[in-house]
Amino acid sequence: MAVRTRFAPSPTGYMHIGGMRTALFNWLWARRNRGTFILRIDDTDQQRNMDEALGPILQAFRWLGLDWDEGPDRPGPNGPCFQSQRRHLYDAALQRLLADGHAYRDFEPAAETQRQREEAEQQKRVYVSSRQSLLLTAEQIQQQLAAGQPCVIRLKVPREDRVVIDDHVRGRVEWDCSLMPDPVIARSDGSPLYNFATVVDDAAMEITHVIRAEEHLSNTPIQVLLHRALGNNTPEWAHIPYVAAPGSKEKISKRKIAQYRKNPQFQKLFELGDAVLGRLGVDAAADALSPVMVAYSQQVGFIPAGVLNALVRIGWSYDDQTEILSLEEMITKFSLERVIRSPAGLDPDKLISFQSHWMHQLSVDEKLEGCLQWLQRAGLIADAADPEVRQYVAKVIDLAGDRLRVYGDIFSVDEFFVADDAVQMDQKNFEKRVLNATGAVELLRQVQQLLVGLPEYSAGPLHDALQGILQQRGLKPGDLFPALRLCISGRVQGADLFRTLELLGREKVDRRLSGTLSRIPGTT
RNA sequence: GGCCCCAUCGUCUAGUUAGGUCCAGGACAUCGGAUUUUCAUUCCGGUAACAGGGGUUCAAAUCCCCUUGGGGUCACCA
């Protein structure tokens, strides 16, 4: 039978990193089996603006290159992919269940049910539904209905049964039905609940493998029972571990961002993110964007290959060696059997490491397209289409080399883009290397003179000339290079100094040197 | 609390189904060293783990039991 998997997010307005990992596993399983991947929208409880809430989710899929065979924009042979548009199916199934006696109308007031629940808990007794409404005769039920008495519809759990599944990752898991309350499958307004709609749709869409996070494991017996009651074939199950917060076993959550900021393991990612997002005018401290969301990595300038590689290795491995995998390799190598059982924490450091690896694989042209976008959004370049700008940026990228891990890292060499008087000076090092270093200022003046008159302003000659001064004066590289770099870029560290000088060019270097040196008090 | 799940270096994991080749392998992080004008990269090297206790066995990270710990879930949310 052809494999059909689905990922069914509810439109929340953002794509969660953990959900993305679940989606990836579903997608991978479908692709590796030449099956079908379905994107279904679980919007049974949503009143908000669909476009707005769904947009970011589809956007995340498109960005990462996970395509769907059936989805919001392309209904499958089994109907639309919005649950809100499949109501007739749920209604029909409900009628069937009611007629068969697998489900019943429960007129018990919610407060009363709640009371019983609490009472059972107090008495340390397992709570199961009272089923008082089952005592009603058909006439009584009609009367209640006619009187407008509200009721929910519950599945009548066969209490003498057991549910046993053979989960692809967890193995055999079983439940005793005598311990289960009758789950509500339709609200008093007749609308279906998640567990019910899911089962109806999974069956209608002929889903063969339900691959979802472990937190759904407790929903499984209910869904199995529902499938049985409906006479469906039960899909195969694979409950993958949820994605935990770095260094913990707790499910990673959007609400705990403030906590994560204090987490040393999250340090680097936040530093990277803050630096980039700050430049883009995005308030990273606000709730709107956080590392828990897929959009965060995109905004910071991660590339799909890096994110995908990090995601696939959370809770899954191919063997004891393979770390680097392209999407294509994942497709051929992925298997449910090698999904790990215990929760796995997202490792921000490893994310960055995978990202660096894949970024380094990109050609200068590919990096160029990305960096141009970031530079433009930060207002550091005026026109990304301008051939001269493009050529210049390409050179900067080449010079930056491995320092460019994410597109946003282009901001770490912003000395190539800001105005001469807008260079941010590392004041502390400036004092140490220039102001308080004996003879530094005088040396820099001599260097400035030398550079202005240098016949050929390129890395080689620049190197030779500067080395020449050092030799002449019996100085070490450390006496000049950091100081010079500071004057022209504001930083003590960076890419090759001579190539930096060359790229910046004679005029800029001279202006920056003049500007910096003129601000030094007590000198003329 | 009930039900269910999980437990190997700081982290992600290999090894557990078929016990021996594992005084436990890889990757990231970290620490040292080499290269380099600095940083980054690259290359070498180091530190570092089978939660605890009982069994079974000639032999257990691997099988069984118990304990402990962690987590998920218990809605007219998804």
Side-chain angles (χ1 to χ4, degrees), chain A residues 8-12 19 42-46 83 106 110 113-114 117 120-122 124-127 150-154 167 169-171 173-176 179-181 183-195 197-198 213-221 239 241-242 244 246-251 264-265 267-268 310 313-324 337-338 340-354 356 360 400-405 409 412 463 466-467 470 476-482 484-486 491-498:
Chain A
S10 54
T12 51
D42 271 19
D43 55 353
T44 51
D45 191 46
Q46 305 294 328
Q83 290 194 321
D106 184 10
T113 305
Q114 178 62 20
R117 235 181 243 283
E121 191 175 337
Q122 265 179 8
K124 296 190 187 303
R125 208 182 63 222
V126 174
Y127 167 79
C151 71
V152 294
I153 296 176
R154 291 183 189 274
D167 191 281
V169 347
R170 326 212 83 88
V173 183
E174 52 180 298
W175 293 267
D176 181 349
L179 271 23
M180 294 166 56
V184 174
I185 56 177
R187 301 184 178 88
S188 46
D189 66 1
S191 63
L193 250 25
Y194 166 75
N195 271 138
T198 295
E214 185 196 348
E215 64 241 46
H216 284 286
L217 193 53
S218 54
N219 284 323
T220 308
H239 287 90
Y242 55 85
S248 86
K249 294 294 176 199
E250 265 178 64
K251 203 163 66 165
Q265 293 199 50
Q267 202 65 36
K268 275 190 212 163
R313 288 288 287 101
I314 299 176
W316 176 82
S317 69
Y318 177 63
D319 57 19
D320 60 338
Q321 302 287 320
T322 311
E323 297 284 344
I324 301 296
E337 279 60 35
R338 288 198 63 87
I340 200 74
R341 266 169 284 271
S342 53
L346 166 78
D347 187 341
D349 285 339
K350 215 152 176 174
L351 200 213
I352 293 173
S353 161
F354 281 125
S356 302
H360 297 346
D402 298 312
R403 290 167 196 76
L404 193 78
R405 298 111 87 213
D409 272 332
S412 68
H463 172 265
L466 292 170
Q467 282 292 355
L470 290 182
K476 293 186 297 271
D479 296 324
L480 171 61
F481 296 157
L484 178 56
R485 185 191 292 281
L486 242 359
R491 304 177 215 274
V492 256
Q493 301 161 348
D496 185 278
L497 178 59
F498 312 106

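The structure displayed is predicted, hence computed values, not measured ones. Residue numbering restarts at 1 for every chain, and letters A, B, ... go by the order of the sequence lines.
The gap from the P atom of B:G10 to that of B:A49 amounts to 7 Å, rounded to the nearest Å. With C1' as the reference atom, B:G15 and B:U8 are 9 Å apart, rounded to whole Å. When the P atom is used for both B:G70 and B:C65, the distance is 22 Å, rounded to whole Å. The P atoms of B:U62 and B:U36 are separated by 50 Å, rounded to the nearest whole Å.
The side chain of A:Ser218 contributes no N or O atom lying less than 4.0 Å from OP1 or OP2 of B:C74. Contact check, A:Lys350 against B:G10: no side-chain N or O comes under 4.0 Å of OP1 or OP2. Remark: A:Arg338 is in phosphate contact with B:G15, judged by side-chain N or O atoms under 4.0 Å from OP1 or OP2. Between A:Arg405 and B:A40, a side-chain N or O to OP1/OP2 separation shorter than 4.0 Å is absent.
In terms of polar N and O atoms assigned as donor or acceptor, the side chain of A:Asn219 comes within less than 3.5 Å of the base of B:A78 in a complementary pairing.
The CG atom of A:Asp479 sits 13 Å away from the C1' atom of B:U38 (whole-angstrom rounding). Note: CD (A:Gln467) to C1' (B:U36) measures 12 Å, nearest angstrom. In this structure, A:Lys251 atom NZ and B:G70 atom C1' are separated by 15 Å, rounded to whole Å. Between the CD atom of A:Glu174 and the P atom of B:C3 there is a distance of 13 Å, given to the nearest Å.
Considering only side-chain atoms of A:Glu323, the nucleotide from B:A27, B:C39, B:G72 that sits closest is B:A27.
Nucleotide B:G2 forms a Watson-Crick or G-U wobble pair with B:U73, both donor-acceptor distances falling under 3.5 Å. Nucleotide B:U30 forms a pair with B:G46, judged by Watson-Crick or G-U wobble geometry with both contacts under 3.5 Å.
Note on A:His360: nothing from the nucleic acid sits closer than 4.0 angstrom, heavy atoms only. In this structure, A:Asp347 reaches the bases: a heavy-atom distance under 4.0 Å links it to at least one base atom across the strands shown. Looking at heavy-atom distances under 4.0 Å, A:Arg117 makes contact with sugar-phosphate atoms alone, never a base. A:Glu121 comes within contact range of no nucleotide atom at all, as no heavy-atom separation falls under 4.0 Å. Base engagement by A:Val152 is indicated by at least one non-hydrogen atom pair under 4.0 Å involving a base atom. Counting any heavy atom pair closer than 4.0 Å across all strands shown, A:Ser188 reaches a base atom. Residue contacts shown for A:Lys124 are absent, as no nucleic acid heavy atom lies under 4.0 Å away.
No hydrogens or angles considered: a donor-acceptor pair under 3.5 Å links the side chains of A:Asp319 and A:Thr322.
The existence of a salt bridge linking A:Lys350 and A:Glu323 is confirmed by a sub-4.0 Å separation between a basic side-chain nitrogen and an acidic carboxylate oxygen.
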